Amino acid sequence: MATYDAILPAGGRIDPAFASVVGVENKALITFEGKTILQRVIEALRATGRIGRIVVIGPPEIQKIASEFGADIILAPAETGPDNIYRGLAALTSSIDRPEKVLLVNTDLPFLTPALIDEFLNACSDKLDICVPLVPATLWDKRFPGSTATFARIKDGKFTTGCIYLMDVAAMERIKPAIDRVFENRKSKIGIARLLGPRFVFKFVTKSLTVRDVEQKIEAMLGCTAAAIQNAAPELAYDIDFQDDYDYAVNQLGVSR
């Protein structure tokens with residue numbers, strides 16, 4: 001069974017009103033059942049028996065928790081989200097134990113479990129450069145009825161993506177310029193439209209876009225092979241961005257605040 005190193009960016013912050021409720025400013029430090037989400041994610045990864053080194057990138061308060069719960073490499077944050085990921089990647093590839101693939105995992109996933117990580121990894125192909133979990137709205141609504149999530153409607157249905165990705169290291173190094181371009185244009189509808197191209201935008205607007213169209217666009221934009229892991233577990237996509245997400249998770253887990 002293959003093992004993978006994992007990169008955990010942990011610098012995401014929440015708004016002041018939400019922070020006043022949970023007592024922390026960083027999403028990864030929100031606590032459920034006496035454990036921070038960061039601790040829960042690290043423990044879930046370790047429990048699979050399939051994870052080698054764990055890299056955590058975050059500010060000092062994150063670094064303290066990461067050290068206490070067994071992260072192998074702990075790094076200060078960079079300027080941007082992509083820079084954080086590539087800083088973690090550089091730390092892994094600078095050693096003699098250069099990995100072939102790495103697992104990228106968000107640190108605000110309260111429902112992540114070892115079994116779900118195993119399920120995702122088992123569904124990924126070693127022949128692909130990028131594997132991304134794709135969660136249909138039907139599965140989400142069954143697992144988290146009444147919760148909020150952002151879905152994209154295409155010809156094949158309504159979907160959201162998960163927050164855990166298996167990526168080929170050589171491909172990641174090769175596509176960094178393209179990733180930077182996407183990040184730079186992320187807040188510009190015109191910029192994103194230019195990156196995607198008129199045909200893709202037209203198919204999206206007319207609801208004729210398919211999952212395979214999206215995979216092919218990612219492959220063309222980044223110059224690598226990519227696939228959506230379909231019917232992925234909704235828990236892989238449930239992250240904590242707002243207080244509504246937190247309140248719902250508290251009720252689902254049956255824990256006190």
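Bear in mind that the values here come from a model prediction, so they are computed numbers and not experimental data.
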Worksheet entry | Heavy-atom closest contact (A10 atom, N26 atom, distance) | O-ND2, 3.1 Å
Discussion item. Rounded to the nearest 0.5 Å, what separates atom CD1 in I130 from atom SG in C124?
Written reply: 11.5 Å
Worksheet item: What pairs meet the salt bridge (charged side-chain N to carboxylate O under 4.0 Å, His left out) rule with one or both residues in residues 122-136, with sequence neighbours excluded?
Response: D129-R174
Practice prompt. List in chain and number order the residues that pass salt bridge (Lys or Arg N to Asp or Glu O under 4.0 Å) with E173, two or more places apart in sequence or in another chain; answer none if no residue qualifies.
Written response: R98
Item to complete: Kindly indicate, with the supporting measurements, whether the criterion side chain to side chain contact (heavy atoms under 4.5 Å, CB included) is fulfilled by L45 and L103.
Response: CA-CA 10 Å; L45 289 167; L103 194 63; 3.9 Å; yes
Worksheet entry | Under the side chain to side chain contact (heavy atoms under 4.5 Å, CB included) test, residues paired with D213 that sit two or more places apart | K203, L209, T210, Q216
Worksheet item: In terms of hydrophobic clusters joined by side-chain contacts under 4.5 Å, are V24 and Y246 together?
Response: yes
Fill in: T107 side-chain N/O to P9 backbone N/O, donor-acceptor pair under 3.5 Å
yes
Practice prompt. For K35, enumerate each residue passing the salt bridge (Lys or Arg N to Asp or Glu O under 4.0 Å) test, keeping only those at least two apart in sequence or located in another chain.
Written response: E43
Worksheet item: Taking only residues at least two apart or on different chains, which pairs with a member in residues 83-92 satisfy side-chain hydrogen bond (donor to acceptor under 3.5 Å, both in side chains)?
Response: T80-D83
Practice prompt. Could you list the residues that satisfy side-chain hydrogen bond (donor to acceptor under 3.5 Å, both in side chains) with D5, not counting sequence neighbours?
Written response: R53
Response to the item:
On a heavy-atom basis, the closest approach of F151 and P136 is CE2-C, 4.4 Å
Side-chain polar contacts of residues 57-70 - donor-acceptor pairs under 3.5 angstrom, sequence neighbours left out - could you list them?
unit_1: E61; atom_1: OE2; unit_2: R13; atom_2: NH2; d: 3.1
unit_1: Q63; atom_1: NE2; unit_2: G58; atom_2: O; d: 2.8
unit_1: K64; atom_1: NZ; unit_2: E68; atom_2: OE2; d: 2.7

With a cut-off of 3.5 Å and sequence neighbours excluded, list every side-chain donor-acceptor pair involving residues 71-78.
unit_1: D72; atom_1: OD2; unit_2: R46; atom_2: NH2; d: 2.6
unit_1: D72; atom_1: OD2; unit_2: I54; atom_2: N; d: 2.8

Worksheet item: Are F144 and Y238 close enough that their ring centers fall under 6.0 Å?
Response: yes
Worksheet item: T206: what forms a side chain to side chain contact (heavy atoms under 4.5 Å, CB included) with it, not counting sequence neighbours?
Response: F202, S208
Worksheet item: With sequence neighbours left out, which residue pairs that include part of residues 137-156 fulfil the salt bridge (charged side-chain N to carboxylate O under 4.0 Å, His left out) condition?
Response: R143-E235
Without placing hydrogens or testing angles, list every side-chain donor-acceptor pair under 3.5 Å for residues 110-121, not counting sequence neighbours.
unit_1: T113; atom_1: OG1; unit_2: L116; atom_2: N; d: 3.2
unit_1: D118; atom_1: OD1; unit_2: R50; atom_2: NH1; d: 3.0

Discussion item. Under the side-chain hydrogen bond (donor to acceptor under 3.5 Å, both in side chains) definition, can you give me all pairs with a residue in residues 160-172, not counting sequence neighbours?
Written reply: none
Worksheet item: Transitively linked via ILVMFWY side-chain contacts under 4.5 Å: L253 with V41?
Response: yes
Item to complete: Indicate if L128 and Y4 have the same hydrophobic cluster label, given that clusters are the connected sets of ILVMFWY residues with side-chain heavy-atom separations under 4.5 angstrom.
Response: no
